[in-house]
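What follows is a short report on a single structure.
Quick caveat: nothing in here was measured; it's all calculated off a predicted structure. Sequence lines set the chain letters: A, B, ... in the order given, protein chains first and strands last, and positions in each chain run from 1.
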Amino acid sequence: MQVDMKINRPRGTYDLFPEELIKWQWAERIAKETFGEYGFSEVRTPIFEATELFSRSIGKFTDIVEKQMYTFRDKKGRSLTLRPEATASVIRAYLEKGGEQGSERFYYLGPMFRYDRPQKGRFRQFYQIGVELFGAAHPAADCEIIFLLNDLFQKWKLKKFEIQLNSLGCAVCKEKYRKALFDYLKGISLCKECEARKQKNVLRVLDCKNPACQSYIEKAPKVTDYLCDDCSLHFEKVKEYLNLLKVPYNLDSYLVRGLDYYTRTVFEVFLPELGKEIAIAAGGRYDNLIEELGGRKTPAIGFAVGLERLIANLDGPEKKKSPLYLASLGEEKILKETMKLAQRLRRNKIQVIANYEARSLKSQLHQADRLGSKFVLIIGPKELEEGTAILRDMKGSRQTVIKRENLIEKIKEVGKV
RNA sequence: GUGAGUGUAGCUCAGCUGGUUUAGAGCACUGGACUGUGGCUCCAGUUGUCGCCGGUUCGAAUCCGGUCACUCACCCCA
């Protein structure tokens, strides 16, 4: 560390080491298995796309597009952006492949990027795992997606989570409501930000946590009172099906999402224990988006889970790895025998960590202990000579001398090493 | 983008109303007590451009300014 060359990771990013990755891999495996049960298959898309893909889908006047995108020009001057979310990418890929036939079910997992001030549960590079169901208009599809989300959280063993549900209606209802809300707020003076939101994107006012604004919001008109007959029926059906399948949910008439493309059903998952209003997963229906991105009119619905927020609240799996530790004492001849043994063991699917340093047996056992090895194989001059090895059970400090030729059988006999 | 707090050994931190001297503790690490046997105990040892740059001063880890980074909150969102 003498050299003045230390380079740190970029702001808002983090490194993952084996200890933490145990949880990640566990959570990811459960998600993939579960998605499979519902017929979803993985897609992988580039982590950068044409900038316009995001400004058109997410909405020009959202914070994400206005100030949080990692946008750059390539050598030919094309404007590209590191994806801030994946839905638009998945649609783009789906359309580009020309696969607009019938229903499609995709899931994805990968890093997303938003230039934002880092904070608890908020990073500049963060991971999302999510699903997209294309070509399903029926409220039963909404129900299935929410059921899937609920199922996932149960399998992840999250103790307490709440699903908040709302409906924004179709483009017509949304517009009607927007007008009604705007009219309601006309004579009311709100906080500085809300005054700006009023002009640019009225629905955002509902998210304001300012107590003064909140008191007005409580009396504000509700979206659900502005739904057309079709949208209203759709929402009723979604709730009916959720009740049928016994999926618990709370209605929140002021839940709007940060992305403009949502229509009808929207939902978020919260952990009330945190006391903080941070969503750990969210999603909804977006019946117009595929068309807006150049496809045929195709109803669709999906959700995304923030993995960092999930992992932070997860216990994860129990069992740890326990490699067999090979301790060796002394000279070159023993070292060579150890190297050969290690390879033989590995070929028999036994995890091995071999010590090659000339350290005391004491320190080797110490290290084996730290690495979580349940068994240690010891070879010294005497064992080398006699063609044996000492198999030590770390738990009970019992050890037996075994012949090196029956080593594999003996170790498998002992069980999980 | 706005605000607040923090930056001292690998880790957690003490010292910080300027001068006790060579900047400390615990954990970790290495060795020994136990000459080829971990987890407990005891002993010894190693480790630092006191985040970086500049200023005030006879003298700065300590005060001031700037800068960078981290943390938290606002904002926004998963």
Side-chain angles (χ1 to χ4, degrees), chain A residues 1-4 6-14 58 61-69 83-87 109-130 149 191-194 196-197 201 204 207-210 255-259 267-271 276-284 302-313 325 327-330 334 355 357-384 389-399:
Chain A
M1 281 303 158
Q2 303 278 357
V3 201
D4 187 21
K6 206 168 125 195
I7 297 169
N8 297 323
R9 60 180 195 276
R11 188 161 162 77
T13 66
Y14 57 90
I58 296 169
F61 298 118
T62 56
D63 274 28
I64 294 179
V65 171
E66 280 186 320
K67 37 195 178 188
Q68 297 179 354
M69 295 210 299
R83 62 180 183 195
E85 60 111 31
T87 299
L109 160 65
M112 309 295 157
F113 305 84
R114 289 181 202 172
Y115 189 93
D116 205 350
R117 198 102 167 238
Q119 205 180 306
K120 189 177 190 176
R122 196 171 80 186
F123 303 90
R124 288 182 175 179
Q125 175 177 327
F126 60 99
Y127 282 78
Q128 283 189 347
I129 190 164
L149 188 58
C191 70
K192 228 169 129 193
E193 281 99 30
C194 282
R197 288 187 189 118
N201 200 344
R204 299 244 59 86
D207 284 338
C208 188
K209 281 158 205 144
N210 183 311
L255 171 69
V256 293
R257 307 292 343 290
L259 292 72
F267 49 90
E268 295 192 346
V269 179
F270 289 96
L271 298 182
K276 312 233 165 103
E277 293 290 297
I278 296 180
I280 193 164
F303 68 74
V305 181
L307 282 179
E308 289 78 5
R309 292 177 184 182
L310 172 73
I311 303 292
N313 293 287
Y325 190 93
S328 58
L329 297 163
I334 297 175
N355 171 65
E357 308 302 323
R359 317 168 64 190
S360 68
L361 181 57
K362 186 186 168 109
S363 80
Q364 291 186 55
L365 285 173
H366 186 61
Q367 193 182 28
D369 188 44
R370 273 195 320 130
L371 293 170
S373 295
K374 292 195 178 108
F375 290 88
V376 176
L377 199 69
I378 304 166
I379 299 175
K382 191 173 151 207
E383 288 75 25
L384 181 71
I390 297 170
L391 183 63
R392 178 182 176 82
D393 181 346
M394 294 294 274
K395 204 173 173 188
S397 296
R398 280 162 306 197
Q399 45 189 51

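For B:G39, its base sits under 3.5 Å from the side chain of A:Ser397 at one donor and acceptor pair at least. Side-chain atoms of A:Arg11 and base atoms of B:C68 include no donor and acceptor less than 3.5 Å apart. In the interface, the side chain of A:Arg370 is not paired with the base of B:G38 through any donor and acceptor atom under 3.5 Å apart.
Base engagement by A:Gln399 is indicated by at least one non-hydrogen atom pair under 4.0 Å involving a base atom. Using a 4.0 Å heavy-atom criterion, one finds that A:Gly130 contacts no nucleic acid atom at all. A:Ile280 comes within 4.0 angstrom of the backbone, heavy atoms only, and of no base. As judged by a 4.0 angstrom heavy-atom cut-off over every strand, A:Leu310 is placed among residues making no nucleic acid contact. Counting non-hydrogen atoms under 4.0 angstrom, A:Ile378 reaches a base of the nucleic acid. The residue A:Glu383 sits close to a base: some heavy atom pair falls under 4.0 Å. Nucleic acid contact class of A:Lys382 (heavy atoms, under 4.0 Å, all strands): base. Using a 4.0 Å heavy-atom criterion, one finds that A:Ala368 contacts no nucleic acid atom at all.
Looking only at distances, a side-chain donor or acceptor of A:Arg114 sits under 3.5 Å from a matching main-chain atom of A:Pro84. Listed for the A:Gln125 side chain is no donor-acceptor partner under 3.5 Å among the backbone atoms of A:Gly12. Between the side chain of A:Arg124 and the main chain of A:Pro118, no donor-acceptor pair closer than 3.5 Å is present.
Between A:His366 atom NE2 and B:U37 atom C1' the separation is 13 Å, expressed in whole Å. In this structure, CD of A:Gln364 is placed 11 Å from P of B:U30, rounded to the nearest angstrom. Across the protein-nucleic acid pair, A:Tyr325 atom OH and B:G39 atom C1' stand 15 Å apart, rounded to whole Å. For A:Gln367 and B:A28, the CD to P distance is 16 Å, given to the nearest whole Å. Nucleotide B:C68 holds its P atom 17 Å from the CZ atom of A:Arg9, rounded to whole Å. One can place CZ of A:Phe126 at 8 Å from C1' of B:C77, the figure rounded to the nearest angstrom. Atom pair A:Leu365:CG and B:U30:P shows a separation of 13 Å (rounding to whole Å applied). Taking atom CZ of A:Phe270 as the reference point, atom P of B:C77 lies 11 Å away to the nearest angstrom.
Taking both residues in full, the closest heavy atoms of A:Leu329 and A:Gln364 are given as CD2-NE2, 4.4 Å, listed atom of the first, atom of the second, then distance. The shortest heavy-atom contact between A:Ala282 and A:Glu268 is CB-CG, 3.8 Å. Taking every heavy atom of both residues into account, A:Gly380 and A:Ile334 meet most closely at C-CD1, 3.5 Å.
A heavy-atom distance below 4.5 Å is found between the side chains of A:Val305 and A:Leu149. When side chains are defined from C-beta on, A:Tyr325 does not count as touching A:Met394, because their heavy atoms never get closer than 4.5 Å. Residues A:Ile64 and A:Glu85 fail the side-chain proximity criterion, which asks for heavy atoms closer than 4.5 Å. Taking 4.5 Å as the limit, some side-chain heavy atom of A:Met112 sits within range of a side-chain heavy atom of A:Arg83.
Of the P atoms belonging to B:C11 and B:A73, the separation is 24 Å, rounded to the nearest Å. Of the C1' atoms belonging to B:G19 and B:A61, the separation is 13 Å, rounded to the nearest Å. One P atom belongs to B:U21, the other to B:C13, and the distance between them is 24 Å to the nearest Å. Nucleotides B:C70 and B:G65, compared at atom P, are 23 Å apart to the nearest Å. Atom P of B:G48 sits at a distance of 8 Å from the matching atom of B:G10, rounded to the whole Å. Rounded to the nearest Å, the gap between the C1' atom of B:U62 and that of B:U20 is 15 Å. Atom name C1', nucleotides B:G39 and B:U46: the rounded distance is 24 Å, in whole Å. Atom C1' of B:C52 sits at a distance of 32 Å from the matching atom of B:G45, rounded to the whole Å.
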Taking only N/O atoms, report every protein-nucleotides 1-4 of chain B pair under 3.5 Å with atom names and distance.
{"residue": "B:U2", "atom": "O4", "partner": "A:Arg117", "partner atom": "NH1", "Å": "2.6"}
{"residue": "B:G3", "atom": "O6", "partner": "A:Arg117", "partner atom": "NH2", "Å": "3.4"}

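For A:Ile64, the side-chain atoms get nearest to B:C77 when compared with the rest of B:G36, B:C77, B:G39. Checking B:C75, B:A73, B:G38 against every side-chain atom of A:Lys120, the shortest atom distance belongs to B:A73. In this structure, the nucleotide among B:G31, B:C77, B:G36 sitting nearest to the side chain of A:Ser363 is B:G31. Closest contact between the side chain of A:Lys362 and the listed nucleotides B:C72, B:U37, B:G31 involves B:U37.
Taken from CD in A:Glu308 to CD1 in A:Ile280, the straight-line distance is 10.5 Å, to the nearest 0.5 Å. Rounding to the nearest 0.5 Å places CG of A:Asp116 at 9.0 Å from CZ of A:Phe126.
When each of A:Met394 and A:Ala282 is assigned the nucleotide of RNA chain B bearing its nearest heavy atom, the one mapping closer to the 5' terminus is A:Met394.
Every stem involving RNA chain B, taken as at least 3 paired positions in a row under the Watson-Crick or G-U wobble test at 3.5 Å, is listed here: B:1-7 with B:68-74, B:10-13 with B:24-27, B:29-33 with B:41-45, B:51-55 with B:63-67.
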